[in-house]
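Comments concern the structure below.
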Protein chains: 2
Amino acid sequence: MPNAPRPPRRVTIPDVARHAGVGQATAARVLGGYGSSSAATRERVLAAAAELGYSTNAVARSMISGRTHTLGVVVADVENAYFARAVRGVTDVAARAGLQVVLANSDENGPTERAAVQMFIERRVDGLVVAPAAADHEHLDKAVASGVPVVLLDRVVSGAGLDTVVVDNRGAAQAAVARFTDAGHTRIAVVTSASPDENTARLAPGADIWTTTERLTGYRQALRAAGIPRGAELIRHTGYDRALARSAVLELMCAEHRPTALFTTDNVATLGTLDALLDLGARIPDDVSVIGFDDAEWATLVRPRLSVVSQPVQELGRLAADILIRRIEGSTARPRRHTLRTAYVPRESTGPAPARVRRLRAPGE
Amino acid sequence: MPNAPRPPRRVTIPDVARHAGVGQATAARVLGGYGSSSAATRERVLAAAAELGYSTNAVARSMISGRTHTLGVVVADVENAYFARAVRGVTDVAARAGLQVVLANSDENGPTERAAVQMFIERRVDGLVVAPAAADHEHLDKAVASGVPVVLLDRVVSGAGLDTVVVDNRGAAQAAVARFTDAGHTRIAVVTSASPDENTARLAPGADIWTTTERLTGYRQALRAAGIPRGAELIRHTGYDRALARSAVLELMCAEHRPTALFTTDNVATLGTLDALLDLGARIPDDVSVIGFDDAEWATLVRPRLSVVSQPVQELGRLAADILIRRIEGSTARPRRHTLRTAYVPRESTGPAPARVRRLRAPGE
DNA sequence: GAGCCCGTTGGTAACGTTATCAAAATTCAC
DNA sequence: GTGAATTTTGATAACGTTACCAACGGGCTC
């Protein structure tokens, strides 16, 4: 950082005290709103403060109180609607409790996350909400050891022993895919940003690694439960890339034995899938049924409107903040996982398996 | 705020100094990375610090340096994709400069914004990025007077004398609507969240008041420039409400002399407009041409893809942060308005005015 | 009227760092 | 080997608040 000039000296409590003709401890009590003081002096001090334009120095206050009234939040990317909603939930609860929120984006990058957490510890935030990018938790342990409580959001880190606020991704996905099997579908594909290699999944950069992998597992379980053999799974790993998802679906839907139902594990996959279906001129749900994971404003824009699994994202953030605040206030309850309910939102993109599968042709671009 | 226990005492510089067998000033120099020290002592101190698990107390550091390495950001709502992108831009630049970002949502509420700014002043943030909710700037003046530079984002506050980063909303809107007039359209409607009452516009709660009003003005100017009389303006004020926009467009498009082109001043209006058009079975652009303001991921999801005016939102945030950082570093350049370029993104929702206007019928819901 | 209690007051010591400056140790030149 | 220049070192004073405690005074009881 280049040279930054020291900020101008500001009015302090001694200044106000002098101006009001009282001792500084007295002025401090009035301005800090603690201890006792007579109405007369209170008035004098307040008047002097107003006259001089005094404003509390929260840094000095934090210095001695040990509290910064600040929460650190680490998410992958605020620009992602999911995290934006979660952050909003956190800030709402925090603001009500008189806490401010410092934001850091990890971009699903472990080292970036670690650096952010380290910085938060140094800044002495009162607590930390983290949507972890990787499975290691040394940095989080360090935070807790330094007296900074941590609550995990959206993703579980096994063995971390931390409060965690999540959604039942696997169960929700299974239930969604079960709608397909119940409706007679047998060729059901999934389009996902989850990594094909489950071992590296937790380490790889990219979005929503953990949650999408869980949703993929839910898909598998649903097929299994419906007696569909493992060989009949139709999985397309497209990364966190809309165009890739589109071309994968294009290819998938033009194949000999194309699926009659599509499940997407995340919004980017959904967007790419709809791109493909729209370009193919596929009739939804007559040709294909579609269910997406996570609701979005555009889910009701496409016709037919898209059926989705919706998650209470803001609520996730709010709950995380709630739990965190309780910890800051000294709760020593055993950390546990809080699983919030998802909801299947039936709209018009799902129907029974077609009796006859119409052949689709790639658009002549 | 309920009783919060004091955090545990942590390892400090004197602790490290004692453990390393050096004076605390020496330890401080090594750990703080300033002054000079021999390789031997440096090593000893660092070893002692690692052993004890020392971590810098940034609060104490701020106390004396007067810098918090923190930027305050006030936007209407991070959950809004526009602000999420802008915030991302700010945080990116800030992070690179070693600054953290504290986030506050004003919900377009003046008092909330003022409270947030006041809190930021007390916390001694190094600078402030504000997307102002109202036209008054007393609180912003106070910030500047206290030595906290302020940069305005997205909206102009006349008379504030502050650096401001915006887009030419009026010009961009005018240029967009001019596309319609150039293509022979004469019945051109606008759907907007702008308040119908321009006087109260800057005071009323609701989103994007100022910018949408500017865009509305641009619409008017374009019509004027094309020689379309004032009486032929078709303006629908629908507030920041998708359903209201939808019904307004439904009514508009089923009227006797319906428009052949629609301009929307913001994403919510666009969403509602498309809802209506889709439900009406309107053929775009054969029946109606549409241009939306501000690009979104779903603009390329609808078929035909939506032509839009796109704004460099992230760049807006980045530039605001850049300017702010320069101010923090002591720039005394005269505050000015920075207007970023918008781009008209032609897609498939615009075409020539139809020779014969097909009658549209309300869907039998 | 003496003794006591309690609300009020102000001096001073924290909090944990960086800044200042003089003393001590080292290096360098001749 | 000496003196001067330079580096390294540590004691101590900030920064602006809250915490602590002793002192003060007025009103009350007996």
Side-chain angles (χ1 to χ4, degrees), chain A residues 1 3-45 48-49 52-69 121-124 146-147, chain B residues 1 3-45 48-49 52-69 121-124 146-147:
Chain A
M1 175 124 22
N3 60 314
R6 284 272 209 93
R9 196 181 125 48
R10 292 193 255 202
V11 181
T12 66
I13 287 185
D15 295 332
V16 175
R18 227 180 342 267
H19 195 257
V22 300
Q24 46 171 297
T26 304
R29 268 190 302 267
V30 173
L31 296 170
Y34 59 93
S36 64
S37 51
S38 69
T41 42
R42 198 155 41 239
E43 205 172 321
R44 271 237 304 279
V45 171
L52 263 46
Y54 170 82
S55 107
T56 306
N57 183 331
V59 176
R61 178 175 290 173
S62 294
M63 172 91 227
I64 134 97
S65 73
R67 304 247 72 104
T68 52
H69 297 281
I121 294 176
E122 293 181 358
R123 302 223 165 179
R124 302 293 190 261
S146 325
Chain B
M1 174 128 21
N3 60 317
R6 284 271 210 95
R9 194 181 127 48
R10 292 193 255 201
V11 181
T12 67
I13 286 185
D15 296 332
V16 175
R18 225 178 344 264
H19 195 255
V22 300
Q24 48 170 294
T26 305
R29 270 190 299 265
V30 173
L31 296 171
Y34 60 94
S36 65
S37 52
S38 70
T41 43
R42 195 154 43 239
E43 206 171 321
R44 272 235 305 277
V45 171
L52 265 45
Y54 170 81
S55 108
T56 307
N57 183 333
V59 176
R61 178 174 290 172
S62 293
M63 171 91 230
I64 134 99
S65 72
R67 303 248 72 103
T68 53
H69 297 282
I121 295 175
E122 293 181 357
R123 301 224 165 177
R124 302 294 191 258
S146 328

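The chains referred to below are lettered A, B, ... by the order of the sequence lines, with proteins before strands, and numbering in each begins at 1.
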Just N and O in the side chain of B/Tyr34: are any of them under 4.0 Å from OP1 or OP2 of C/dA19? no
Can you work out whether B/Ala39 or B/Ala60 has the more 5'-proximal nearest nucleotide on DNA chain D? B/Ala39
Test your reading of the model: is there a side-chain donor-acceptor pair from B/Thr26 to the backbone of B/Val22, 3.5 Å cut-off? no
Atom CZ of A/Arg124 and atom C1' of C/dT17 are separated, to the nearest Å, by 11 Å
Rounded to whole angstroms, how far apart are CD1 on A/Ile13 and P on C/dT12? 17 Å
Rounded to whole Å, please give me the gap between CG in A/Asn57 and C1' in D/dG16. 6 Å
Are any non-hydrogen side-chain atoms of A/Arg123 and B/His69 less than 4.5 angstrom apart? yes
Out of D/dT18, C/dG16, C/dT9, which has the shortest distance to the side chain of A/Arg61? D/dT18
Strand contacts (DNA chain D) in residues 20-30 of chain B, 4.0 angstrom heavy-atom criterion: B/Val22, B/Gly23, B/Ala25, B/Thr26, B/Arg29
I'd like to know if the side chain of B/Arg10 and the backbone of A/Ser146 have a donor-acceptor N/O pair within less than 3.5 Å. yes
Expressed in angstrom and rounded to an integer, what is the separation of B/Met63 atom CE from D/dC15 atom P? 9 Å
Taking only residues at least two apart or on different chains, which pairs with a member in residues 24-44 of chain A satisfy salt bridge (charged side-chain N to carboxylate O under 4.0 Å, His left out)? none
Examine D/dT8: is either OP1 or OP2 under 4.0 Å from a nitrogen or oxygen in the side chain of B/Ser36? Give yes or no. yes
Spacing of B/Ile64 atom CD1 relative to D/dG16 atom C1', expressed in whole Å: 12 Å
Does the A/Ser65 side chain pair with the main chain of A/Arg67, one donor and one acceptor, at a distance under 3.5 Å? yes
Any side-chain to backbone donor/acceptor pair from A/Thr41 onto A/Ser37? Under 3.5 Å, distance only. no
Nearest listed nucleotide, side chain of A/Tyr54, among C/dG16, D/dT17, D/dT18: D/dT17
Rounded to the Å, how far apart are B/Asp15 CG and C/dC15 C1'? 13 Å
Measure from the side-chain heavy atoms of A/Ser37 and tell me the nearest of C/dG16, C/dT9, D/dT17. C/dT9
From CZ of A/Arg42 over to C1' of C/dG7, roughly how many Å is that when rounded to an integer? 12 Å
What pairs meet the salt bridge (charged side-chain N to carboxylate O under 4.0 Å, His left out) rule with one or both residues in residues 11-28 of chain B, with sequence neighbours excluded? B/Arg9-B/Asp15, B/Asp15-B/Arg18
Just the rounded figure in Å: distance from P of C/dG16 to CZ of B/Arg10. 10 Å
Nearest-nucleotide 5' precedence on DNA chain D, B/Thr41 against A/Thr56: B/Thr41
